[in-house]
Amino acid sequence: MSRPADFVQGTLDLLLLKILALEPLHGWAISQRLNQVSDDVLQVSDGSLYPALHKLEQEGWVRAEWRATENNRRAKFYSLTRPGRKQLERETADWKRLSSAISSVVQLRETCET
Amino acid sequence: MRDMMASFERWWYAIRLRARGLFRRGAVEREIDEEVRFHIDQQAAHLASQGLTPEEAARTAQRQFGNTVAARERLREVDIPFYVDLWWHEVRFACRQLLRSPLYSFVTVLALAIGVGANVTIFSFVNGWLLRPIDAREPDRLLRIAGPGFDSIAAGAIDSEAHIRPADYLEYRDRNRTFSAIAASHPGGPTGVRWRGPVEMIPVTVVTGNYFEMLGISAALGRTLTSADGRFGAREVVVLTDAGWRRFFGADPDAVGTTIFVDGIPHVVAGVLPSWFTGTYAPLVPQIYRPIGERGGTLAFDTSLHLIGRLKPGATAEQARRDLTDIAKELADRDGRQRAIEIFPARSLPPFMLTTMTALAAMFGIIVVVLLLVTCDNIAILTTLRSAARAREIAIRLSLGASRRRVLFQLLVESAVLCVAGGGVGTFIAFATARFATRFYVPVPMPFAVTFTPDWRVAAFAIAVSGLALLLCGFMPARKTLASDLMQAVRRVVTPGGVQAQLVITQVALSTALLVAATVLTHSVQTWVVEAGFASHNVVMSTVALGSPRYTVERRQRLLEDALERIRRTPGVVSATLVANVPAANNAPLNPMRLRSGSYEQSVQVNLASSGLFATLGIHVLAGRDFSDSDRMASGIVNEALARAFWPGQNPVGQTVEDDRGARIEVVGMVRDHEASLAGAPASPLLYRPIWIDPPAAPTFLLKPGGDPRPVMGLAGAVISELDPDLATYNVMLLDDRLNLARGVHRAGAIASGAFGSLALLLGAIGIYGTMAFIAQQRKRDIALRVALGASTREVIRSLTGRSVRWTATGVGVGLALASVGALALSRMLRGVSPWDLPAFAVATAVVLAVAFTASYMPARRASGINPAVVLRDGNEV
């Protein structure tokens with residue numbers, strides 16, 4: 001049985017964009033937030049979190065800047081750009097389509113079984 | 001709109017990010033480290049706040065994050081464009097590999113430098129001479145207009161229809177419908193110019209008043225010429241080029257308005273031209289321009305003119321050609337003289353030099369391209385050998401999982417590094433050569449300027465040549481290497497197979513062909529030098545300029561007769577003569593004339609001479625006599641070619657010919673054919689007439705001294721200025737020097753092709769030597785066994801060299817066949833080159849064989865001296 005994280009991998013971009021849509025955060029805070037909101041179901045390894053963030057930055061969906069944290073340490077904060085917000089809308093729509101399709105498939109299987 | 005801005009911002013940000021990854025890799029890597037460290041510290045702090053000890057927290061945070069090295073590597077892959085990294089890595093790897101075999105790298109770079117350098121050198125000459133546009137506004141709208149046979153001076157056969165006559169120019173200028181302006185010019189002979197100092201003989205280029213306006217050149221100081229200049233009653237003016245201005249006025253800005261004397265006549269300096277303007281007679285640069293007088297619908301000029309026209313907007317060259325041809329037909333209908341028109345794109349090189357220069361350029365172009373092929377072939381040989389030696393390394397890399405593409409890419413990067421290095425060095429050599437070549441002193445009366453500014457064309461050419469070399473010498477060996485069998489390679493059994501034989505044979509063949517061509521050329525030039533057709537040794541020449549309107553025909557006659565008389569009376573002068581065109585030096589164009597005798601009619605060249613020409617130059621008078629000083633209009637002396645053409649098998653003396661006006665000329669003598677042109681053409685019909693009938697504006701005195709020519713060098717000049725202080729002589733030099741100068745182009749060509757041939761030979765030797773050395777190395781074990789079993793040195797050498805002897809023989813055979821074709825082509829392009837020059841073929845073949853033998857013998861000899869015990873114990877890799 002595979003962990004849910006593997007499945008989530010492909011939609012990691014969507015999750016990151018969604019989290020950053022609320023407020024700019026640094027990498028560690030993003031991983032914390034991801035664990036919190038998914039009740040630790042979506043545990044993204046730190047090794048894949050950062051490359052994903054950097055890819056989003058290369059795409060121009062998010063923008064990074066070095067700022068001081070509340071503890072006065074320099075950290076790289078990521079924030080959503082306007083094209084990133086557009087991208088989030090697109091991916092959200094895609095996700096909804098996909099998940100409704102999958103859930104209907106899953107339901108189809110259940111009705112056949114019963 | 002906002003969306004557009006946003007997406008623009010997005011792209012801009014992304015580009016900046018990538019640029020950072022490209023150029024500031026250090027900073028990007030530091031930030032990655034900092035980000036990872038921050039994460040771990042933060043996690044540790046978080047864990048500590050949940051009750052772990054600081055040490056435990058740090059350890060756990062580290063463990064949770066996982067492999068930081070791998071994470072950093074993944075981030076680098078995202079942030080730093082991978083290809084930069086890949087390229088950089090491959091280039092560094094290639095450099096390391098190349099440094100590991102310094103001899104191979106050195107020889108390859110050297111060979112490439114030679115090949116590319118030779119090509120770029122030739123191309124910069126072509127670029128500077130043949131392709132360079134005229135210094136003018138919109139030079140691509142300019143056309144040169146010439147009569148047919150425009151190149152006849154170079155070809156040595158002058159036709160009466162060759163040039164555009166001043167009267168015709170006016171017709172073309174006024175009646176055409178396709179040009180906004182047509183201007184005419186003539187480079188002009190040396191003229192006496194005086195300002196404060198003594199008279200200086202410099203060429204004064206004559207141009208029509210609209211010349212500068214047509215070119216679109218405005219003056220740097222004062223004004224240029226206008227159509228009003230030269231009209232009847234206008235003040236006589238000149239325009240100085242920058243060089244002339246510096247020469248006469250030391251760049252004094254007050255020069256404009258000053259009066260200088262040209263031919264003893266006062267002229268006002270109207271203006272100075274910009275320094276970048278080099279005129280339309282490349283490679284010569286005029287110093288003074290004078291307007292051609294136009295009076296009452298005729299030009300005050302009696303020699304042929306060079307025309308340049310500017311097309312009207314929208315008009316094409318073809319329309320212009322038809323337009324002018326129509327006018328030419330009408331003119332022919334009017335006076336019965338056939339005319340034709342040729343149109344050329346206006347390059348800075350005038351058309352009468354175009355054909356010769358193009359032929360030379362084509363010849364050298366072919367030679368250097370062949371040389372480049374030899375170079376590439378050579379490098380291909382060396383690279384295949386090297387790859388064969390590296391087959392084991394490559395095979396191991398392949399079996400360890402490197403993709404074939406990756407290995408091929410790596411081999412190509414190596415070739416690319418070599419090509420960049422070789423191309424760079426070659427281009428540098430080319431520029432150095434061009435610069436050196438232009439510094440040669442050329443004793444012509446006009447300053448000589450060839451522009452070799454390395455422009456974008458030369459740079460593009462150098463890159464293209466290097467790229468071609470890369471393709472030729474990089475790809476083939478790389479493919480060959482990859483095609484070889486993995487297992488065989490690992491077992492170290494690699495032999496350079498068929499491809500290698502082909503490469504070596506090609507190499508030998510091309511080297512042979514080049515060397516033969518070079519030898520044939522050099523040999524031909526020697527032939528020309530020997531067969532000048534007359535004795536020029538120690539003869540002194542001095543030309544006097546009598547172009548001034550002050551000198552009428554009668555005054556010229558009187559002055560020249562006086563001067564010749566005084567020169568002949570001077571002790572130390574054995575003989576002296578006066579001639580219009582010095583044979584073989586071609587200092588003044590000959591006037592062609594149509595002659596008729598009975599029903600036979602032909603156009604022949606006419607030269608003018610006083611008595612004593614044939615004695616001075618040692619030309620045999622075969623029948624009849626030399627001119628006497630009382631000969632006037634009616635007598636003529638012919639050469640054998642003319643006699644053969646007009647009266648085959650008869651004695652020409654006593655015969656008469658009629659000129660085109662019906663005047664009768666009686667033949668009083670016949671002289672041996674002598675070279676009238678330099679290209680080694682068979683003598684063409686030539687008629688000498690007494691110079692006194694119409695003394696030319698620039699006749700030349702030829703003096704033959706009894707012994708040392710130095711005391712009489714200045715004699716003609718001294719006599720002339722005694723008779724008229726406003727006159728001076730020029731071209732004062734030994735006739736031999738003058739002939740050598742005229743032969744210079746051909747001689748330089750022969751020297752250059754000799755040099756190219758030697759380079760090709762050197763490359764060929766490298767190729768054969770490298771191959772033989774490799775084979776000897778590969779067969780070391782084999783040889784050791786034979787030596788151990790008692791084979792003699794000689795037997796070992798024979799077994800090794802046998803293969804290369806076969807290759808060489810095949811290569812030489814193919815090369816000789818190529819060379820025959822080449823020599824045939826050469827003999828078409830340059831007259832005087834014999835296509836069946838057997839001694840040249842023999843010498844070149846002998847040299848190639850000797851070099852090839854040495855190159856294959858030396859490695860064999862070394863291989864035969866090995867110690868079998870050592871080799872057999874240690875294996876063949878020593």
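By convention in this document, chain letters (A, B, ...) are assigned in the order of the sequence lines, proteins followed by strands, and residues within each chain are numbered from 1.
Inter-residue side-chain proximity for A/H26 and B/E35 is flagged as unmet; no heavy-atom pair is nearer than 4.5 Å. Residues A/Q32 and B/Q42 fail the side-chain proximity criterion, which asks for heavy atoms closer than 4.5 Å. Here the side chains of A/S31 and B/H39 are in contact, with some heavy-atom distance below 4.5 Å.
Environment of CZ in B/R92: crowded, with over 12 heavy atoms of neighbouring residues, nucleotides or ligands closer than 6.0 Å. Around the CZ atom of B/F93, the shell of radius 6.0 Å holds more than 12 heavy atoms that belong to other residues, nucleotides or ligands. Heavy atoms from other residues, nucleotides or ligands lying under 6.0 Å from CZ of B/R30 number 12 at most.
Atom CZ of residue A/R73 and atom CG of residue B/D41 lie 4.5 Å apart, to the nearest 0.5 angstrom. The line from CZ of A/R74 to CZ of B/R37 is 10.5 Å long, rounded to the nearest 0.5 Å. Note: B/W11 CH2 to A/E59 CD = 7.0 Å, rounded to the nearest 0.5 Å. From B/I15, atom CD1 reaches atom CD of A/Q58 across 12.0 Å, with rounding to the nearest 0.5 Å. Between the CZ atom of B/F38 and the OG1 atom of A/T69 there is a distance of 5.0 Å, given to the nearest 0.5 Å. Rounding to the nearest 0.5 Å gives a distance of 10.0 Å between NZ of A/K76 and CD of B/E34.
Looking only at heavy-atom pairs under 4.5 Å with chain B, the residue among A/G84, A/G27, A/P51 that has the most is A/P51. Across B/R72, B/Q64, B/E31, the residue that shares the most heavy-atom pairs under 4.5 angstrom with chain A is B/E31.
Contact of A/E57 with chain B is made through backbone and side chain together, with heavy-atom distances under 4.5 Å.
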